[in-house]
Protein chains: 2
Amino acid sequence: MTAARSSILVALLLAVSCARPPAAPEGEGAEEPEPARQEWAIAIHGGAGVIPKDIPEEEKAQYFDALRQALSLGREALEQGAPSLEVVEKVVRFMEDAPQFNAGKGAVFTNAGTHELDAAIMDGRTRAAGAVSGLTTVKNPITLARLVMTDSRHVFLVGAGAEQFATEMGVERVDQEYFFTQKRYDAWQRALARERGEGGEGHGTVGAVALDRAGNLAAATSTGGLTNKRFGRVGDVPVIGAGTYADNATCAISATGKGEQFIRNTVAVDVAHRMAYAGQSLEEAARAVIEGVLEPGDGGVIGVDRWGTTVLVFNTPGMFRGAADASGRFAVAIWED
Amino acid sequence: MTAARSSILVALLLAVSCARPPAAPEGEGAEEPEPARQEWAIAIHGGAGVIPKDIPEEEKAQYFDALRQALSLGREALEQGAPSLEVVEKVVRFMEDAPQFNAGKGAVFTNAGTHELDAAIMDGRTRAAGAVSGLTTVKNPITLARLVMTDSRHVFLVGAGAEQFATEMGVERVDQEYFFTQKRYDAWQRALARERGEGGEGHGTVGAVALDRAGNLAAATSTGGLTNKRFGRVGDVPVIGAGTYADNATCAISATGKGEQFIRNTVAVDVAHRMAYAGQSLEEAARAVIEGVLEPGDGGVIGVDRWGTTVLVFNTPGMFRGAADASGRFAVAIWED
């Protein structure tokens, strides 16, 4: 993709994401206006943070390509009527396999020099959920999260127990070397060299939220966590209500940023509850949480509601992101302008 | 304690917990009536579920004694002006050491015949939180959870990483045999013998919530999890917003019951958000979630708000529980009547 083409996409994305959300109902007796519903919609992210604007053109193009490919996969599947749950898994798997993002293949290093992966998925139709943390050999954590939801009695499995479940389920395994990327190794070395020992550059995540033609919402998130994190650290991704949440009654949310802040503030479900209990629109709710509850620099969320309205809100200089819907909208972006 | 005395306490508890909560504000302009504030208040639980009414008198007396001792500890500390955060840790530590409850000493067996302990604590003043899961050698998981909050960069540590942190912090350690109790062993054997392999009898938890004289709320929860659980399974206890939540603006909540249900429905923070966004009282919010969102038999919550109103709500036949406040109220109970 050329830089010029990227700029057009960025402009498009901004134009659409700045459209006014549906008005919130006022008071109990007010009629809720039904906004024009998109038959389907999807939003994706590949992490938020300080993303240098002077990254080499080639690298920039790789990011845009990966985002467009992920979004295209989702668009095609949703157009053909695939369930949102399948779509978010598929899109997140693709982003796990892409070396650009901090999830799956591109996962960051822990302070022990290992890789520990987390993921979660949630079905807005039933509020069923599956989450995994501390995986070391599973190629696609999001798929194991979905199997925890569908094939176990539990919602949340960690560490060796989760690995054993992976063996029972027969999902694809890799050795830790699979997760080696020079970029993440260098970031870890830089983090080790710093006093504080923790990389602001290394808290990326990937995620997808979707509305399907049947009106069902789903959310999926996957991450390698924080560069140089203490081993055994769990971030917000597998914490249902913090990094991942979906409920047909309100919205599907996937978050990215400083996990600890997202856990304490139960970010994903705060957006949903503001819609459910305070009558806020998805955009009002997401902005209130990202701009009003969190601290600048903490991260962002993507969301979609049952009308197919999408939001991509962040309080960092950039967020790898994209959105598409049945109106023909299809746009990816990295920085704010 | 005699059975007659127990009955009086149960009656007392019911009388107080049925008092009307403060009316919710109506509309934006309405003046919020300030109910008489209790200088301090505390509620505790020791798990909810099917508790046979025909348990031997001696065992029943042990439960009541343990609840009264835990509650007395909390009352004394709060009367003397101790911060709620310290108080909930202290009370939960006591209940972890008591062999009656499924936490610490009395933790249930996993399907691998081991013990894996979870705990979380949250400070309503700052929304700081600490959580641990999959501990195998830490005598008092709630204390390690508090150290994660105060002495690490993280909120949530699991497994070997959490154990390593325990070593760094120098908390008291035990071997797995410490957690052996005949009662839990028998329950595990019965669970193994059953087709489904999971004990309804084994999803207890302990917890405490408190308001201190400074007006700060705190919540703490600790558990051995589910009898015969898959190793690596994380329940709702360490999931901030599911089993544990505290925010001075609304309430402090500790939950007990079928963890997976509490995670999917983000139970603890749902109560808080109904207060924050829908203007519900603590009791209205807790009842709406336990009676309206969860399924009968799922469990219960205890909660306290900034006025010192406490709730102890459950949809199971019984919940080990107690509450005390500055008005002189002091009561413990097990069943509904």
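Contact tally against chain B (heavy-atom pairs below 4.5 Å) for Glu163(A), Glu116(A), Gln164(A), Gln261(A): the top residue is Gln164(A). No other option in Ala160(B), Ala129(B), Gly159(B) has as many heavy-atom pairs under 4.5 Å with chain A as Ala160(B). For the set Val158(A), Asp236(A), Val132(A), the count of heavy-atom pairs under 4.5 angstrom toward chain B peaks at Val158(A). Per-residue heavy-atom pair counts under 4.5 Å with chain A were compared for Val239(B), Val269(B), Asp270(B), and the maximum is reached by Asp270(B).
Among Leu135(A), Thr137(A), Val138(A), the single residue meeting the side chain to side chain contact (heavy atoms under 4.5 Å, CB included) criterion with Val171(A) is Val138(A).
Of the atoms belonging to Phe165(B), heavy atoms from both backbone and side chain fall under 4.5 Å from chain A. For Ala242(B), no part lies near chain A; criterion is any non-hydrogen pair under 4.5 Å.
Electrostatic pairing of Lys229(B) and Glu260(B) does not count as a salt bridge here, judged by no charged N lying under 4.0 Å from a carboxylate O. The pair Glu168(B)-Arg230(A) meets the salt-bridge criterion, since a charged nitrogen lies less than 4.0 angstrom from a carboxylate oxygen.
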Side-chain atoms of residues 117-125 of chain B: list all donor-acceptor pairs with protein atoms under 3.5 Å, sequence neighbours left out, distances to 0.1 Å.
| unit_1 | atom_1 | unit_2 | atom_2 | d |
| --- | --- | --- | --- | --- |
| Asp118(B) | OD1 | Ser133(B) | OG | 2.9 |
| Asp118(B) | OD1 | Gly134(B) | N | 3.1 |
| Asp123(B) | OD1 | Arg125(B) | N | 3.0 |

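Aromatic rings from Phe109(A) and His115(A) are positioned such that their centres are separated by under 6.0 Å.
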